[in-house]
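Note sheet for the following structure.
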Amino acid sequence: MNRRAIRKVFFLFIGLLASQLLTRLHAQPSGFYNGTEGKDGQELKDLLHNLIDGHQPFSYYSTKEMM
């Protein structure tokens with residue numbers, strides 16, 4: 001393999017590793033959806049609403065600043 005091909009493989013590997021790490025860091029905590037089993041309709045909707053109620057919303061423009 002030439003240096004260019006090795007560099008491409010290296011950066012591909014680093015990119016895949018970083019995406020896996022970020023996915024794990026931003027995933028819901030273990031047990032986040034506990035209690036939703038067997039629920040449907042309005043009961044499920046109310047339960048899910050209560051899970052995310054109180055979140056901190058961010059605008060598109062403020063997220064660009066955060067990145």
Side-chain angles (χ1 to χ4, degrees):
M1 267 192 188
N2 63 27
R3 286 185 142 202
R4 192 173 196 177
I6 292 171
R7 180 179 268 174
K8 282 184 179 182
V9 170
F10 174 75
F11 283 113
L12 176 63
F13 175 74
I14 295 297
L16 290 172
L17 186 63
S19 70
Q20 287 296 313
L21 178 62
L22 289 173
T23 299
R24 294 187 195 294
L25 288 176
H26 292 288
Q28 289 83 15
S30 179
F32 186 76
Y33 289 108
N34 285 354
T36 59
E37 300 87 10
K39 307 244 186 317
D40 62 359
Q42 190 63 41
E43 184 181 24
L44 177 60
K45 184 177 177 181
D46 292 341
L47 181 70
L48 292 173
H49 171 77
N50 291 334
L51 282 174
I52 65 168
D53 195 30
H55 72 282
Q56 177 68 38
F58 296 103
S59 73
Y60 171 76
Y61 295 104
S62 66
T63 56
K64 284 176 35 178
E65 291 292 320
M66 288 178 211
M67 299 286 194

_Under 4.5 Å between side-chain heavy atoms, counting indirect links through other Ile/Leu/Val/Met/Phe/Trp/Tyr residues: same cluster for V9 and L12 or not?_
no

*Who pairs with A18 by side-chain contact (heavy atoms from CB on, under 4.5 Å), at least two apart in sequence or on another chain?*
none

*With sequence neighbours excluded, residues passing side-chain contact (heavy atoms from CB on, under 4.5 Å) with F13*: L17

Could you tabulate the donor-acceptor pairs under 3.5 Å formed by side-chain atoms of residues 41-50, not counting sequence neighbours?
residue : atom : partner : partner atom : Å
Q42     : NE2  : D46     : OD1          : 2.7
N50     : ND2  : D46     : O            : 3.3

